[in-house]
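Computation of the quantities below employed the complete heavy-atom set of this structure, encompassing side-chain atoms and omitting hydrogens, waters and symmetry-equivalent molecules. Lettering of chains follows the sequences in order, A, B, ..., and the numbering in each one begins at 1.
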2 protein chains.
Amino acid sequence: MTTEYFREQLKLKGLKVTPQRVAIFEAVANLRNHPTADHIIDYIKNNHPNISVGTVYKVLDSLVENQLLKKVKNEKDVMRYDAILQQHHHLYCSKTDQIEDFVDYELDKIITDYFSKKKIKGFKVKEISLQITGEFNNNSIHTK
Amino acid sequence: MTTEYFREQLKLKGLKVTPQRVAIFEAVANLRNHPTADHIIDYIKNNHPNISVGTVYKVLDSLVENQLLKKVKNEKDVMRYDAILQQHHHLYCSKTDQIEDFVDYELDKIITDYFSKKKIKGFKVKEISLQITGEFNNNSIHTK
DNA sequence: TGCTCAAAGATAATAATTCTCTTTTAGTAA
DNA sequence: TTACTAAAAGAGAATTATTATCTTTGAGCA
Ligand SMILES: [Mn+2]
Ligand SMILES: [Mn+2]
Ligand SMILES: [Zn+2]
Ligand SMILES: [Zn+2]
């Protein structure tokens, strides 16, 4: 996924294409492990040694607002971000803070079918995702 | 659910039964809407006008640790707590911060069945729950 | 009834995030 | 290409949630 792609996405949303926005957007996508603001800052330090933390938070907010990123719910006092917008689920490790993506179309179909029949009264569903909590086997943690 | 019940639960876990612990535990259970530490403090102000916020956080931590409460993941920078331990899901309102419980045994069975067949390799599942994001119809918000 | 250790209270410290203000710059139009 | 301008970035202070430290209190137990 090239830098040009990220610039384009920003443009499509009517956002000014700044080096900071591109770098932050790209960082979340490349890091892939649902990074925190801090992870992102570390990651872009080389090319942006003096980026302001306020900028990072503001950019993340606006990317989320413009639906180019999503926040990832978790039970720590630090927000995490996700560049994958398509429907997917998350594996939460209760030992480490690792969060991995879990994609399963068959499961998605089952759930979609179920909720197309059974409506939740008084609530309009926009999105359904699973949070799967458990533990990774140490040896199978794929860092790349 | 009587106060005696909460005292008993604490005792069963080998925790000292203090008025603060009982009050906080009871508050989360009675409030029912996945309160924050702050909500809890407000709620118990009458009976415990001088409770220390540090105490509230420490008690909440230890109740979670002892599996008498659960943290509720959400995408705000404030933790929320749940006294319902049995398997259930959450409806997240994207307009307000309302989080409501959603219980559905049929759905649980479908998901359990699915995962009993299809294992996730490299990951030992402990718990699966859905986060259902959407919007409540204003008129059907049940505050009690 | 008194001991003792764990818990509560008070308050300072920390960490994540937001805010305010000044400077810079991307986009646009002369 | 240049100049203008609104929006964004930077710097740093402020805020908020949470945690830590230290002293005092009190629950459980002999
Ligand atoms: Mn914090
Ligand atoms: Mn915070
Ligand atoms: Zn993800
Ligand atoms: Zn709940």
Side-chain angles (χ1 to χ4, degrees), chain A residues 3-4 6-28 34-42 44-45 47-66 68-69 71-81 97, chain B residues 3-4 6-28 34-42 44-45 47-66 68-69 71-81 97:
Chain A
T3 295
E4 200 44 46
F6 296 103
R7 306 177 60 84
E8 229 170 86
Q9 292 296 108
L10 290 170
K11 229 173 271 174
L12 283 173
K13 295 291 183 178
L15 294 171
K16 275 191 190 174
V17 178
T18 66
Q20 293 85 348
R21 280 177 172 168
V22 174
I24 291 164
F25 190 6
E26 218 168 356
V28 179
H34 311 92
T36 64
D38 223 51
H39 291 146
I40 294 162
I41 291 169
D42 280 354
I44 66 183
K45 266 286 167 53
N47 305 321
H48 295 268
N50 300 322
I51 194 161
S52 188
V53 303
T55 298
V56 174
Y57 282 103
K58 274 183 289 182
V59 166
L60 287 169
D61 268 3
S62 99
L63 294 177
V64 169
E65 198 127 328
N66 285 277
L68 294 174
L69 291 182
K71 290 185 173 186
V72 178
K73 298 178 176 67
N74 74 93
E75 54 186 52
K76 290 284 164 61
D77 183 29
V78 53
M79 193 48 59
R80 300 180 64 159
Y81 297 87
D97 290 335
Chain B
T3 296
E4 200 43 47
F6 297 103
R7 306 177 62 85
E8 228 170 88
Q9 292 296 107
L10 290 169
K11 228 172 273 176
L12 283 173
K13 296 290 182 178
L15 294 171
K16 276 191 190 173
V17 178
T18 67
Q20 294 85 347
R21 281 178 172 168
V22 174
I24 290 164
F25 191 6
E26 217 167 355
V28 178
H34 310 93
T36 64
D38 224 51
H39 290 146
I40 293 162
I41 292 169
D42 280 353
I44 66 183
K45 267 286 167 53
N47 306 321
H48 295 267
N50 300 322
I51 195 160
S52 187
V53 303
T55 298
V56 174
Y57 282 102
K58 274 183 290 184
V59 167
L60 287 170
D61 268 4
S62 99
L63 293 176
V64 170
E65 199 126 327
N66 286 277
L68 294 174
L69 291 182
K71 290 185 173 186
V72 178
K73 297 178 176 66
N74 72 95
E75 55 186 50
K76 288 287 164 60
D77 182 31
V78 53
M79 193 48 59
R80 300 179 64 159
Y81 297 87
D97 290 334

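Rounding to the nearest 0.5 Å places CG of B/Leu10 at 8.0 Å from OG of B/Ser62. Note that CE of A/Met79 is 10.5 Å distant from CG of A/Leu60, once rounded to the nearest 0.5 Å. Considering OG1 of B/Thr55 and CD1 of B/Ile41, their distance stands at 9.5 Å, rounded to 0.5 Å. Note that CG of A/Asn50 is 10.5 Å distant from CD of A/Gln20, once rounded to the nearest 0.5 Å.
B/Asn74 places a side-chain N or O within donor-acceptor distance of the main-chain N or O of B/Val78, the cut-off being under 3.5 Å.
The NZ atom of B/Lys13 sits 20 Å away from the C1' atom of D/dA27 (whole-angstrom rounding). One can place CD1 of B/Ile51 at 13 Å from P of D/dG26, the figure rounded to the nearest angstrom. The distance between atom NZ of B/Lys45 and atom C1' of C/dG9, rounded to the nearest whole Å, is 14 Å. Separating the CE atom of B/Met79 from the C1' atom of C/dA15 is a distance of 14 Å, rounded to the nearest angstrom. Between the CG atom of A/Asn50 and the C1' atom of C/dT24 there is a distance of 14 Å, rounded to whole Å. Note: CD (A/Glu75) to P (D/dT18) measures 13 Å, nearest angstrom. When the P atom of C/dA16 is taken as reference, atom CG of A/Leu60 falls 14 Å away, rounded to whole Å. Taking atom CG of residue A/Asp77 and atom P of nucleotide D/dT19, one finds them 7 Å apart after rounding to whole Å.
Checking C/dG9, C/dA7, D/dA9 against the side-chain heavy atoms of B/Thr18 singles out C/dA7 as nearest. Side chain of B/Asp61, nearest nucleotide from D/dA8, D/dT19, C/dT18: D/dT19. Nearest nucleotide to the side chain of B/Thr55, out of C/dA8, D/dG10, D/dA17: C/dA8. For A/Lys16, counting side-chain heavy atoms from C-beta on, the closest listed nucleotide (D/dG28, C/dA26, C/dA7) is C/dA26.
Between the base of C/dA10 and the side chain of B/Ser52 there is a donor-acceptor pair shorter than 3.5 Å.
Of the two residues near DNA chain D, B/Lys58 and B/Gln20, the one whose nearest nucleotide lies more 5' is B/Lys58. Both B/Pro19 and B/Gly54 lie close to DNA chain D; mapped to their nearest nucleotides by heavy-atom distance, the more 5′-ward contact belongs to B/Gly54. Where B/Gly14 and A/Val78 meet DNA chain C, the nucleotide closest to each residue was compared, and B/Gly14 sits on the side nearer the 5' end. Residues A/Asp38 and A/Leu15 each lie close to DNA chain C; by heavy-atom proximity, the contact nearer the 5' end of the strand is made by A/Asp38.
In this model, the phosphate group of D/dT19 is not approached by any side-chain N or O of B/Tyr57 to a distance below 4.0 Å at OP1 or OP2.
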